[in-house]
Amino acid sequence: MNCITSRSAGSRALLALGLTLLLQATARTQTDTIEALPELLEGVATIASPGTPSPLAVWSKDAYVVLAGNGGKGLRSAAIVGGHAKAGRFVALPHNGYFAGDALKQGDTGRFLVNCTRWLAGSTSSPKIVVRTEDLRSLLAGDALALKAKFDVRLLEAGPLMPQLAGIDVLLGLSSELADGEIDALEEWIRAGGGVLAGQCAWGWLQVSGKASLDENSLQQLFGRFGVAWCDGYLGKSGPEGFTTERDPPKLAHGDAAFTYLANHTVRRVIKAEQPMLQSSATMTAVARVLPAGDLLLRPKLEAERAKRADAIEPTPDKPLERIDGGDRAMLAYIVREADRVAAEEVKPLGAAKSFPGLPPAAAPRLTKTIALDTALPRWHSTGLYAAPGEVITLTLPEAAAAVRIALQIGAHTDVLFDLAAWHRVPKAFVRRPVTATTTKLAAPLGGLIYVDVPEGLDLGKVDVTLAGGIAAPWFVAGRDDDATWNASLRELPAPWAELECDRIIVTVPSSAIRNLAEPTKLMELWAKGADAMADLVGIPRARPSPERFVADVQIGAGYMHSGYPIMTHLDAATAMSDPAELAKGQWGLFHELGHNHQEPEWTFDGTGEVTNNVLCIHALESVFAVPVTKGHDAIEGTAKKVADYVKAGANFDEWKGDPFLALQMYVQLQQQFGWELYKKVFADYRALPRRERPRTDDAKRDLWLVMLSKVADRNLGPFFTAWGVPTSDTARASVADRAAWMPESFPPR
């Protein structure tokens with residue numbers, strides 16, 4: 001009995017001591033937070049901006065923005081973040097280039113890192129420091145302040161991290177190389193009083209690692225527990241040489257402050273000034289996109305707001321969400337982020353789906369369908385199925401096809417619009433999940449067409465995959481389906497989006513655009529001929545590794561249309577994409593973008609990014625649709641006067657580079673004299689070039705273009721290039737001077 005009483009008393013004493021220490025730590029944290037900025041920035045005016053840094057997001061009240069960078073459009077984003085984790089301290093940097101190289105010598109970067117080290121060490125006497133790089137060790141060994149602080153500095157060795165932190169006070173230079181199992185131990189070490197200086201370039205890590213999400217980044221996982229994360233984006237400088245301390249960090253660059261502002265300003269008419277709303281919107285949108293799954297600091301607040309307002313958030317072209325609608329934009333960013341992360345059964349339908357991409361009939365049957373997936377064909381495989389918003393789609397496939405980088409995707413509209421000033425639809429309208437087991441489940445808050453994505457280089461033959469839960473979508477495949485079947489049943493299938501496919505091209509349009517389409521075979525023959533014309537010109541096989549895709553969308557990431565996979569267009573192009581009579585007129589915009597997908601960098605130098613694709617475009621329009629070379633676009637007609645004025649004014653190359661239709665005339669003149677065979681032979685010669693002979697600089701590209709054209713034309717085109725103001729080297733011009741000079745008739749105009 002006495003023993004029990006004694007233990008109870010001891011427990012109470014320990015509890016009291018623990019509470020006292022906790023209160024002391026809390027008080028110390030609050031005080032240190034206020035005092036940390038002057039200590040970190042003492043003697044610091046400018047800090048380097050190595051490479052292209054990534055912005056940071058911060059939402060913990062125990063962390064704060066030390067310096068802010070240029071977030072674009074007059075806004076600011078966190079560049080450097082400091083904070084506390086119980087007894088420990090941390091500083092997060094936007095790039096790992098601070099740990100070695102020239103950045104340490106620029107501005108006051110070295111002084112700042114010494115300040116960070118002193119602050120991270122706290123009041124520890126003669127703190128033991130371990131550094132990741134020799135450059136950091138040299139910095140601390142030669143700095144007067146570091147010497148005064150009596151740092152005991154050693155270099156981190158290869159191998160496991162945690163055994164080397166025994167007895168260490170500060171770790172400098174932590175990046176994204178943590179091993180499995182080290183994250184928990186390192187968190188415990190920091191919370192127990194350790195100090196850490198960490199940095200990485202998030203977008204660079206995504207590119208190099210090949211990972212789909214920053215959720216897989218070890219440094220992200222660690223710092224997310226402290227209410228800090230790196231963002232996938234680019235951070236601009238706040239001064240000529242990097243980040244400056246001239247202005248205090250904006251309070252609304254902190255996620256917690258931004259959330260509070262947005263929660264209190266949900267109606268436009270009560271907003272007295274736009275700038276706080278714009279800053280808060282940008283901050284919270286960034287935070288929402290990197291908030292960890294287990295966050296208990298901000299997530300409960302967001303979930304409460306979501307329960308109140310999510311169903312009312314519905315961006316449309318008539319009522320877009322603009323930057324001033326910061327709370328709604330942040331909420332949508334949070335919702336689509338969660339849909340990427342949570343289990344399929346937890347995904348909730350989003351009311352905005354009814355405006356875009358639209359809703360299937362509620363009574364439409366949910367199907368189970370088995371498809372023979374040809375794994376030799378990379379990229380998206382259409383399935384003819386559509387997922388209703390929030391409904392679970394289940395993919396089942398053989399074990400041999402699991403864990404080989406196949407992915408399941410819902411939604412064709414893969415342009416992400418977060419950075420745009422106005423959102424005419426939800427800014428991310430698709431979800432995607434890697435297949436890692438024989439059964440994969442996925443759901444999308446907006447719904448969408450269902451795809452199975454096959455990576456390049458995979459060839460398991462044809463694999464039967466089964467999809468359950470989808471709704472039948474209009475889907476025509478040339479060679480498999482005929483017009484009679486299409487007209488009798490396929491075009492009336494209930495999903496709101498349809499696809500028309502041949503082995504060259506696939507077009508994705510609203511089902512409303514194809515309900516009256518009677519001749520899909522003819523349509524896809526025209527598409528195939530257009531694609532073949534481009535393949536013939538550049539000399540690649542007509543048969544492609546996978547078809548090109550065109551997708552119509554209510555809003556895209558850039559321009560009226562843009563190239564890529566898929567090629568994106570606005571909805572008003574859907575008719576031209578899906579009506580053979582319209583396509584047969586020769587659609588400049590569609591084939592202009594398809595031309596981009598056929599460009600090669602060796603024969604596309606600065607100023608011709610919007611020109612060489614047009615050479616491909618006019619070839620397709622002329623050879624397939626009988627559109628004269630001089631008639632394909634309004635800007636081509638009447639160019640003669642523009643050319644004359646340009647040449648008479650001195651043929652300034654900068655002007656040439658800035659006017660694609662002016663520059664195109666140079667290419668047209670060559671085609672009119674030597675025919676399309678000139679380009680076919682030149683492009684074939686380029687393909688035959690050994691890699692070591694391919695030009696890498698713009699000067700080299702222009703020189704080789706002159707030499708290649710002159711060789712195939714068997715003419716000296718040096719004077720022609722000079723008349724157009726396109727610069728080439730003396731060496732290149734001399735190499736073709738043994739041929740007869742050529743100039744178009746009446747050119748240059750006088």
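Heavy-atom basis, side chains included; hydrogens, waters and symmetry copies ignored.
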Heavy-atom side-chain proximity of [X] to [Y] below 4.5 angstrom:
X	Y	result
Val416	Pro427	no
Glu622	Val627	no
Asn597	Glu548	yes

(Q) Any carboxylate oxygen within less than 4.0 angstrom of a Lys/Arg side-chain nitrogen, looking at Asp503 and Arg544? (A) no

Q.
Taking the basic N atoms (NZ, or NE/NH1/NH2) and the acidic carboxylate oxygens, is any pair closer than 4.0 Å for Lys585 and Glu582?
A. yes

Q: Go through Lys657 and Asp654 one step at a time and tell me if the salt bridge (charged side-chain N to carboxylate O under 4.0 Å, His left out) criterion holds.
A: CA-CA 5 Å; Lys657 290 193 297 182; Asp654 286 336; 3.7 Å; yes

Q: Quick one: list whatever passes side-chain contact (heavy atoms from CB on, under 4.5 Å) with Pro541, sequence neighbours left out.
A: none

Any sub-3.5 Å donor-acceptor pair from [X]'s side-chain atoms to [Y]'s backbone N or O?
X	Y	result
Arg694	Arg687	yes
Glu216	Lys211	no
Thr608	Val611	no
Tyr565	Trp380	yes
Trp423	Leu417	yes
Asp483	Thr521	yes
Asp482	Thr485	yes
Arg504	Lys529	no
Trp203	Thr52	yes
Asp415	Ile556	no

**Q.** Given Arg433, Arg549, Arg379, Arg432, the one that forms salt bridge (Lys or Arg N to Asp or Glu O under 4.0 Å) with Asp453
**A.** Arg432

How far does [atom1] of [X] sit from [atom2] of [Y], to the nearest 0.5 angstrom?
X	Y	atom1	atom2	result
Arg480	Glu501	CZ	CD	7.5 Å
Met568	Thr508	CE	OG1	9.0 Å
Asp579	Ile514	CG	CD1	12.0 Å

**Q.** side chain to side chain donor-acceptor pair (under 3.5 Å) partners of Asp730, counting only residues at least two apart
**A.** Arg733

Q: List for me each residue that meets side chain to side chain donor-acceptor pair (under 3.5 Å) alongside Asn652, sequence neighbours excluded, and say none if there are none.
A: none

Q. Among side-chain atoms of Gln587 and His592, is any donor-acceptor pair under 3.5 angstrom?
A. no

(Q) For the residue pair Tyr451 / Glu499, report whether a side-chain donor-acceptor contact shorter than 3.5 Å exists. (A) yes

Q) Parallel, tilted or perpendicular: which fits the ring planes of Phe653 and Phe605, with parallel below 30° and perpendicular above 60°? A) tilted

Q: Check the angle between the aromatic planes of Tyr679 and Trp676 and answer parallel, tilted or perpendicular using the 30° and 60° thresholds.
A: tilted

Q) Counting only heavy atoms not in Lys369, do more than 12 sit closer than 6.0 Å to its NZ atom? A) yes

**Q.** More than 12 heavy atoms of other groups within 6.0 Å of Asp459 CG
**A.** yes

Q: Would you please name every residue forming a ring-ring contact (aromatic ring centres under 6.0 Å, His included) with His633, sequence neighbours left out?
A: Trp588, Phe661

Q: Quickly, which of Phe591, Phe476, Phe625 forms a ring pair (Phe, Tyr, Trp, His ring centres under 6.0 Å) with Trp527? Name it, please.
A: Phe591

**Q.** salt bridge (Lys or Arg N to Asp or Glu O under 4.0 Å) partners for Arg491, two or more places apart
**A.** none

Q. Mind checking what makes salt bridge (Lys or Arg N to Asp or Glu O under 4.0 Å) contact with Lys642, not counting sequence neighbours?
A. Asp659

Q: Indicate, with yes or no, if the rings of Tyr386 and Trp497 have centres closer together than 6.0 Å.
A: no

Q) Going through the distances and angles, do Asp685 and Lys681 end up as a salt bridge (charged side-chain N to carboxylate O under 4.0 Å, His left out)? A) CA-CA 6 Å; Asp685 287 347; Lys681 291 177 181 177; over 6 Å; no

Q. Cation-pi between Lys428 and Phe430: NZ/CZ under 6.0 Å from ring centre and within 45° of the ring axis?
A. yes

Q: Cation-pi check, Arg702 to Phe721: give yes when NZ or CZ is under 6.0 Å from the six-membered ring centre and within 45° of the ring axis, no otherwise.
A: no

